[in-house]
Amino acid sequence: MGTQALPPVSVLELAGLWQFAPVVTAFVVLAAGLYLWGVLRVRRRHPARPWPWYRTALFLAGLAVIVIATESGVGSYDDVLFWDHMIQHLLLLMVAPPLLVVGQPATLLLHASRNPVHTWTKKLLRSHAVTWITWPPFSVALYIGVIVGTHLTSFMNLVLANETVHNAEHALFLVAGYLYFLPLVGREPIRWKVSYPSRIFLLFIAMPVDAFTGLVLGSEGSNPFPNLAKGRPSWAPSPLNDVHIGGAVMWVGGAGLMFVLLLTVFFAWTRETRSDGGLGWLEVARRTNFAAQVGANPVGGRPEAGADPGVPAPATPASANESLDDDDEHLAAYNAYLARLNQQQDH
């Protein structure tokens, strides 16, 4: 539909004006079909442990967000209204990817497949290429670079003038968002296991990027994207006002979505049941050091036979110190350790 033929934007138009995107439709249908096939296959193979229904719902919701962003009124007005373009970007970058990640398609494939597909999938997930692109520092840098590079450079002019580049930008947002959120909100069997404090930190540092991008766009004194003024319908706001509104959408919308994700990760942390409490290597190192410090005098205050009271005993495997997982015994061991230190100081 030509930009001049578009009616004035409204909530009804955004919800009711749809366009057909063959590539998007084919991708969504194929992804949904393969995912549902995997769900049914797991149910047949493991009737007592079917695939969680909520993961299926979240994955399909992520695909639905892609359709809404590209084929609904949001997609129809994205070449006309810059603020609508920003809404589309947020949907493709910050809403659809985490929903797809939580759906755990790779884990579902492992459960549903048999050899050789099962073995190939495991090798792919552990390959050097996947290990590199899912490395959190790389995915964070990619995410930040995509936001800044597509909004604060002349790339936006190219997007507005070339439909192929525009569609490629949509794919870029999905890939960058998926790689960014994969180690932060997902549980896929990739190499990187990020602790919850690190997840919160890596989500938090992205918030200033959205705010900075929105602030720069909202502070422009002239239209930074000349192609935005071409073929503009009479009912649309001026290009500069449009850019200012788009900056506000990026700032407020991006910060709001990231805050919701932060709360979600924090809530997941409070419900963590793993022995390390979701703290990852940091908690393992702390427990190992603690076991080494109190190992010479676990609970009672007397060192083991042949042990030097001034030298901590070597750390023992976690299975040999299971009692230390109990809070009361932790406290007793710590008090005994402090008492031993006081005795050494008295001597």
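Keep in mind that this is a model prediction, so the values were computed, not measured.
- For the pair R43 (side chain) and P50 (backbone), a donor-acceptor distance under 3.5 Å is absent.
- At distances below 3.5 Å, not a single donor-acceptor pair connects side-chain atoms of E220 with backbone N or O atoms of V243.
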message = One pair to check against side-chain contact (heavy atoms from CB on, under 4.5 Å): L184 and V265. What are the steps and the verdict?
response = CA-CA 8 Å; L184 305 184; V265 171; 5.8 Å; no

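- Heavy atoms only, all atoms of each residue included: W83 and I245 are closest at CB-CG2, 3.6 Å.
- Judged by distance alone, the side chain of T153 and the main-chain N or O of G149 form a donor-acceptor pair under 3.5 Å.
- In this model, no donor atom of one side chain and acceptor atom of the other lie less than 3.5 Å apart for T70 and Q88.
- With a 4.5 Å cut-off on side-chain heavy atoms, M258 and L261 count as touching.
- Put simply, the side chain of I66 does not reach to within 4.5 Å of the side chain of L91, judged on heavy atoms.
- Once rounded to the nearest 0.5 Å, the distance linking OH of Y178 with OG1 of T134 reads 10.5 Å.
- Under the 4.5 Å side-chain heavy-atom criterion for grouping Ile, Leu, Val, Met, Phe, Trp and Tyr, W18 is connected to L63 within one hydrophobic cluster.
- Listed for the Q19 side chain is a donor-acceptor partner under 3.5 Å among the backbone atoms of G75.
- Listed by chain and number, the residues in a ring-ring contact (aromatic ring centres under 6.0 Å, His included) with H166 are H85, H170 (sequence neighbours excluded).
- Taking 4.5 Å as the limit, every side-chain heavy atom of N223 sits out of range of all side-chain heavy atoms of D242.
- Minimum heavy-atom separation, Y77 to P7: OH-O, 2.7 Å.
- Classification of the W51-Y35 ring pair by plane angle, with boundaries at 30° and 60°, yields perpendicular.
- Through direct or indirect side-chain contacts shorter than 4.5 Å among Ile, Leu, Val, Met, Phe, Trp and Tyr, V117 is connected to L109.
- Atoms CG and CG, on L100 and L174 in that order, are 7.5 Å from each other to the nearest 0.5 Å.
- You'll find the side chain of P237 reaches within 4.5 Å of the side chain of R232, heavy atoms only.
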ask   = Does the pair M207 and L262 meet the rule for a side-chain contact (heavy atoms from CB on, under 4.5 Å), with working shown?
value = CA-CA 10 Å; M207 295 181 69; L262 280 168; 3.5 Å; yes

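- Listed for the R199 side chain is a donor-acceptor partner under 3.5 Å among the backbone atoms of V194.
- Two residues are said to be in side-chain contact when any heavy atoms from C-beta on lie closer than 4.5 Å; T131 and W192 meet this criterion.
- Its side chain within the 4.5 Å cluster rule, L263 clusters with F259 among the Ile, Leu, Val, Met, Phe, Trp and Tyr residues.
- Counting all heavy atoms, side chain and backbone alike, F181 lies closest to P98 at CD1-CD, 3.7 Å.
- The backbone N or O of P22 sits nowhere less than 3.5 Å from a side-chain atom of T25 that would complete a donor-acceptor pair.
- L108 and I190 fall within the same hydrophobic cluster, where Ile, Leu, Val, Met, Phe, Trp and Tyr residues are linked whenever their side-chain heavy atoms come under 4.5 Å apart, directly or through other members.
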task = Assess whether side-chain contact (heavy atoms from CB on, under 4.5 Å) is satisfied between V24 and F27, documenting all intermediate values.
result = CA-CA 5 Å; V24 174; F27 167 76; 5.8 Å; no

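- A donor-acceptor pair under 3.5 Å is absent between the side-chain atoms of R191 and the main chain of R126, judged by distance alone.
- For S238 and N241, the side-chain atoms include at least one donor-acceptor pair closer than 3.5 Å.
- To the nearest 0.5 Å, atom CZ of residue F201 and atom CZ of residue F204 are 9.0 Å apart.
- Closest heavy-atom contact between E169 and V159: OE1-CG1, 3.5 Å.
- Taking Ile, Leu, Val, Met, Phe, Trp and Tyr as members and joining any whose side-chain heavy atoms lie under 4.5 Å apart, directly or through other members, V260 forms no hydrophobic cluster with any other residue.
- Between H118 and H111 the shortest side-chain heavy-atom distance does not fall below 4.5 Å.
- There is a path of hydrophobic side-chain contacts, each under 4.5 Å, that joins V39 to Y54.
- The closest donor-acceptor contact from the side chain of R45 to the backbone of S113 lies under 3.5 Å.
- Checked by atom type and distance alone, the side chain of N157 pairs as donor or acceptor with a backbone atom of N227 at under 3.5 Å.
- The structure places CG of D210 at 4.5 Å from CD1 of I147, a figure rounded to the nearest 0.5 Å.
- There is a path of hydrophobic side-chain contacts, each under 4.5 Å, that joins V148 to V146.
- Atom CG in L217 sits 5.5 Å away from atom CG in L152 (nearest 0.5 Å).
- Hydrophobic cluster membership differs between V23 and V67, with clusters built from Ile, Leu, Val, Met, Phe, Trp and Tyr side chains linked at under 4.5 angstrom.
- Looking only at side-chain heavy atoms (C-beta outward), V249 and L90 come within less than 4.5 Å of each other.
- Residue pairs meeting the ring-ring contact (aromatic ring centres under 6.0 Å, His included) criterion with at least one partner in residues 136-160, sequence neighbours excluded, are H89-H151, W132-F138, Y143-Y180.
- Looking at every heavy atom in both residues, L257 comes nearest to M94 through CB-CE, 3.8 Å.
- Through direct or relayed side-chain contacts under 4.5 Å between Ile, Leu, Val, Met, Phe, Trp and Tyr, W251 connects to L215.
- Between A69 and L92, the shortest heavy-atom distance links the atoms CB-CD2, 3.8 Å.
- Side chain of S139 to backbone of P136: a donor-acceptor contact under 3.5 angstrom is found.
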query = Taking it one step at a time, do L17 and L6 satisfy side-chain contact (heavy atoms from CB on, under 4.5 Å)?
reply = CA-CA 9 Å; L17 188 62; L6 285 172; 3.6 Å; yes

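- Put simply, the side chain of L182 reaches to within 4.5 Å of the side chain of E188, judged on heavy atoms.
- Separation of atoms CG (L228) and CE (M156) is listed at 9.0 Å; rounding is to 0.5 Å.
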